[in-house]
Amino acid sequence: MVNYQKAIETSQDELTRAQSYYRMGLIYQNNLNETQNALQAFTNLVSEYSGSQHSTIRDMVSDAMVRRSDLLIKTGNLEAAITEAQKARDMALADANIPIAQKLQAQYQLSYMLALKTDKIRQSLQNQVPTEEYKNSVRETASAYAQIYELAQPLDQLEQSSRAFVMHSLFQSGQLYYFLRFQSDLQNAIPLLETFVKLADQGYFKGVAQDSEIQKNVRDALTYVGSSYFELARMAELDPMIFNQAAATFKDLVRRFPKDEDAPLWQYQAGESFYAAQDYVTAIQEYEKVRQMDVQHESAADSLYAMATCYQLIADMAESQGDVKNRDANLSKVYELNEILANEYPDSQYAPDAFINVGNNYFNQGSNTDISSEERERFYRLALEAYQRASELPGIKPESQRLAKEYIVETEDLLTRDIYTRGKDMLDSAKLLADEARNQKLMDVIKVFEDLAEQFPNAPLADIGYIQIAESYVVMENWEKAMEAYKYLLDKYPINKPAPYEQVQQARDYAEKRYTEIFVYLKSLEVHEGN
């Protein structure tokens, strides 16, 4: 260290001085574990020689910047570490003489730093609803990882040692997008994960990691892909083609990993995909394979119940067509499967999943664009009732509980939107009426929004509905009742307790404005009457 310091003080040679700073930084970092001294050495190198045209010095400066970001993490300065990583990445990409391996390392370092930031935000949420800050951070991190694959082109010319960056970045970016579960994010996740699987199948990552690790990631990637297709199909008005892609992915998982403990589950999910696509005959064929794979697996009883549901639906269709023979044959299969369930799985926990399936069936019917708003609301209420019954059953599995609650939230959201829209349309039409007819219609409007608030007290639109209640009273010039409705939001969300949703906060602020306007108006009437 003394010699390096002396060289820095006495040498006029650019390369000698730069190498001295660099070597001192390495010793402080790797041998002495002196973070601040290492950080200072690398900082001096970057500060004095970032503009050097010497290729060796440029390489050292680039590496020093990456190391500085690591060291800044140790000091707890994450934002500074990210800034440094961005500078290192930008410098590496801008220099055509820097090897591709170094460019990939710089991009990966930035991605890793962004991942640390995302994880920090996630931990601060403490299982609360993800914020926009968190979602944006996840997307920024996923995008940064995804850029590594683009930088690595052409892949066939990439050194073996650098292929690890491609392997980890494809998987990480796809996984991050998948975990957000929004439509656009799922659409981003699928091609990344499918590309990872394709390259793994081609042996592109052979030697980069142990085969067992690669295969585990392939397994997880395909699981995310299958689930993504399934969710996207639900979001795309139950698109059967996308459900078929989900089924193909789950079946591919079974083919690849037939002995995996989750293989019966994937087989069951393949059946579920065909069921959701309303291909009940194929769904039955896939469900039947579950018990053939493992009669004791937890999905075995569920598959039997699902098969019974399919046969019931086929029987219902046959009955609607007047095909009594076909109806009876399928009902016979329903009874047969129920008997197997009772005899072979008396302690099974299939009941919660059965209610979820019933709820999904109602939900799917309610999602049909050809039905009336009244029918849609009825189906959503039936779906919600089924999901709630599932969630309340004793002994419900955590995953089933999660699904039930997730569907409750999703269904409540759609249902409250329909109810709110119906009430708003009624209010608009009431304003066109006159006198008693108008007031009677407005009371009906108020009843709609009061019922909404009573039945779904935690829904954002239930709070916003109080604005429509107040507006209805304003039209009737019932100022006292209007102020009561506005005041409900003011009391529920005082200044020191803002609303959890932006749209509710906007409604609350609007209520405060309208409350004040009415108060001032009534006071002016008192003054006028006093004069």
Side-chain angles (χ1 to χ4, degrees), residues 85 89 93 100-101 103-119 122 130 134-158 162-206 208-209 211 213-236 239 241-253 256-257 266 269 273:
R89 188 276 311 274
L93 296 186
I100 185 62
K103 296 178 186 288
L104 296 178
Q105 181 186 11
Q107 182 66 37
Y108 193 86
Q109 177 78 355
L110 174 59
S111 304
Y112 173 69
M113 295 297 168
L114 292 172
L116 292 178
K117 177 183 177 181
T118 297
D119 191 57
R122 180 189 61 79
Y134 172 72
K135 289 183 283 189
N136 291 335
S137 182
V138 172
R139 289 170 182 140
E140 182 183 14
T141 305
S143 176
Y145 274 122
Q147 289 176 44
I148 293 174
Y149 174 70
E150 301 300 328
L151 291 173
Q153 305 297 325
L155 294 178
D156 58 350
Q157 297 181 17
L158 197 65
S162 296
R163 296 184 181 188
F165 293 122
V166 178
M167 180 181 72
H168 293 302
S169 62
L170 280 172
F171 183 76
Q172 290 293 341
S173 57
Q175 181 177 240
L176 285 166
Y177 279 127
Y178 168 77
F179 284 155
L180 281 181
R181 306 298 285 271
F182 291 95
Q183 186 173 17
S184 61
D185 300 305
L186 294 175
Q187 291 169 338
N188 286 331
I190 289 174
L192 292 165
L193 294 170
E194 289 184 331
T195 299
F196 167 79
V197 173
K198 178 182 178 181
L199 291 175
D201 288 346
Q202 294 173 350
Y204 187 79
F205 304 130
K206 192 171 182 62
V208 173
D211 185 65
E213 178 186 350
I214 295 174
Q215 289 305 304
K216 179 185 180 301
N217 287 344
V218 167
R219 170 193 183 278
D220 292 344
L222 285 174
T223 302
Y224 300 150
V225 169
S227 297
S228 296
Y229 276 130
F230 192 91
E231 291 300 320
L232 286 172
R234 283 172 59 93
M235 297 174 185
D239 189 325
M241 296 299 293
I242 304 179
F243 277 128
N244 287 341
Q245 289 176 294
T249 304
F250 290 127
K251 292 176 69 174
D252 187 29
L253 274 164
R256 291 170 179 266
F257 310 102
W266 299 327
Q269 290 173 316
S273 300

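- Listed by first then second residue, pairs satisfying salt bridge (Lys or Arg N to Asp or Glu O under 4.0 Å) with a partner in residues 187-201 read D201-R256, not counting sequence neighbours.
- M235 is not listed as a side-chain neighbour of F182, based on a closest heavy-atom distance of 4.5 Å or more.
- Considering only heavy atoms from C-beta on, F257 comes within 4.5 Å of Q215 through its side chain.
- The structure places OG of S169 at 7.5 Å from OH of Y108, a figure rounded to the nearest 0.5 Å.
- Aromatic rings from F243 and F230 are positioned such that their centres are separated by under 6.0 Å.
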- I would like to know whether D220 and F171 meet side chain to side chain contact (heavy atoms under 4.5 Å, CB included); could you show each step before the answer? CA-CA 9 Å; D220 292 344; F171 183 76; 4.0 Å; yes

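- Rounding to the nearest 0.5 Å places CG of L170 at 8.0 Å from CZ of F196.
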- Could you walk me through whether Q147 and R89 pass the side chain to side chain contact (heavy atoms under 4.5 Å, CB included) test, one step at a time? CA-CA 12 Å; Q147 289 176 44; R89 188 276 311 274; 4.1 Å; yes

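- Using a 4.5 Å cut-off on side-chain heavy atoms (C-beta onward), Y134 and R139 make no contact.
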- Decide side chain to side chain contact (heavy atoms under 4.5 Å, CB included) for Y145 and Q107; before the verdict, give the C-alpha distance in whole Å, the side-chain angles of both, and the deciding distance to 0.1 Å. CA-CA 8 Å; Y145 274 122; Q107 182 66 37; over 6 Å; no

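- With F179 as the aromatic partner, R122 does not meet the cation-pi criteria of under 6.0 angstrom to the ring centre and within 45 degrees of the ring axis.
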- Task: With side chain to side chain contact (heavy atoms under 4.5 Å, CB included) as the test, would you mind laying out the steps for V166 and V208 before giving the verdict?
- Result: CA-CA 10 Å; V166 178; V208 173; over 6 Å; no

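- Residues L232 and I190 are in side-chain contact: their nearest non-hydrogen atoms beyond the backbone lie under 4.5 Å apart.
- For the side-chain contact (heavy atoms from CB on, under 4.5 Å) test, residues two or more places apart in sequence or in another chain that qualify with S137 are K117, T118, I121, T141.
- For N188, the side-chain contact (heavy atoms from CB on, under 4.5 Å) criterion is met by Y177, not counting sequence neighbours.
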